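For this chain, numbers begin at 1 and follow the sequence in order. Just so we're clear, the structure is a prediction, and the values are computed from it rather than from any experiment. All values below come from the heavy atoms of this structure, side chains included, with hydrogens, waters and symmetry mates left out.
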Amino acid sequence: MQELSQELGLNFVKVSDFPDYIYRMERKYDLPTIIQSASVQNARGETLLLAAVSPRHVEDKGISLRLLGGSKHWHLHEHHGDLLEGKRPFTRERLRELLEKARDSANAA
């Protein structure tokens with residue numbers, strides 16, 4: 001998400017971190033991230049997309065994405081190392097598509 005944001009001229013903003021000290025003491029890392037939630041903003045500082053990752057200790061790992069300014073949202077789940085949107089894979093290309101549409105919509109407004 002951070003790399004794509006930069007490629008598209010958008011700003012990646014870390015909103016909050018996991019409380020890592022708790023997880024390091026009790027269990028191994030399950031997801032390769034330290035960020036609990038992050039947003040993507042345009043040059044005007046308007047948030048376009050908000051992402052939040054489930055806590056590491058939950059059995060059903062997931063990521064929620066919400067496009068702001070509308071009612072679109074996605075609940076993505078990990079399945080055998082892949083990220084799924086329902087039953088179809090949620091790919092980097094799909095994320096690029098969402099970010100491009102959000103950027104273009106905000107620019108048109």
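- Between Glu85 and Arg88, at least one side-chain N (NZ, or NE/NH1/NH2) sits under 4.0 Å from a carboxylate O, which counts as a salt bridge.
- Remark: Asn42 engages Glu46 in a side-chain hydrogen bond (donor to acceptor under 3.5 Å, both in side chains) (not counting sequence neighbours).
- Residue Glu7 holds its CD atom at 4.5 Å from CZ of Arg96, rounded to the nearest 0.5 Å.
- Partners of His79 by side chain to side chain contact (heavy atoms under 4.5 Å, CB included), not counting sequence neighbours, listed by chain and number: Leu84.
- Scored by the side chain to side chain contact (heavy atoms under 4.5 Å, CB included) test, Ala52 finds Ser37, Ser64 as partners (sequence neighbours excluded).
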Compile the donor-acceptor pairs under 3.5 Å between side chains in residues 99-106 and protein atoms, sequence neighbours left out, one pair per line.
{"residue": "Lys101", "atom": "NZ", "partner": "Glu97", "partner atom": "OE2", "Å": "3.4"}
{"residue": "Arg103", "atom": "NH1", "partner": "Leu8", "partner atom": "O", "Å": "3.3"}
{"residue": "Ser105", "atom": "OG", "partner": "Lys101", "partner atom": "O", "Å": "3.4"}

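- Partner of Leu50 under the side-chain contact (heavy atoms from CB on, under 4.5 Å) criterion, chosen from Val13, Leu67, Val40, Val15: Val15.
- For Thr47, the side chain to side chain contact (heavy atoms under 4.5 Å, CB included) partners two or more places apart in sequence, or in a different chain, are Ser39, Gln41, Leu68.
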Would Arg66 and Leu49 satisfy side-chain contact (heavy atoms from CB on, under 4.5 Å), going step by step from the backbone distance to the final call?
CA-CA 6 Å; Arg66 179 170 300 279; Leu49 180 79; 5.9 Å; no
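- Among residues two or more places apart in sequence or in another chain, the ring-ring contact (aromatic ring centres under 6.0 Å, His included) test is passed with His73 by His75.
- Looking at Phe12 and Gln6, their side chains never come closer than 4.5 Å, going by heavy atoms from C-beta outward.
- Shown here are the salt bridge (charged side-chain N to carboxylate O under 4.0 Å, His left out) partners of Glu3, two or more places apart in sequence or in another chain: Arg92.
- Looking at residues two or more places apart in sequence or on another chain, you find a side chain to side chain contact (heavy atoms under 4.5 Å, CB included) between Leu83 and Ile63, Leu76, Phe90.
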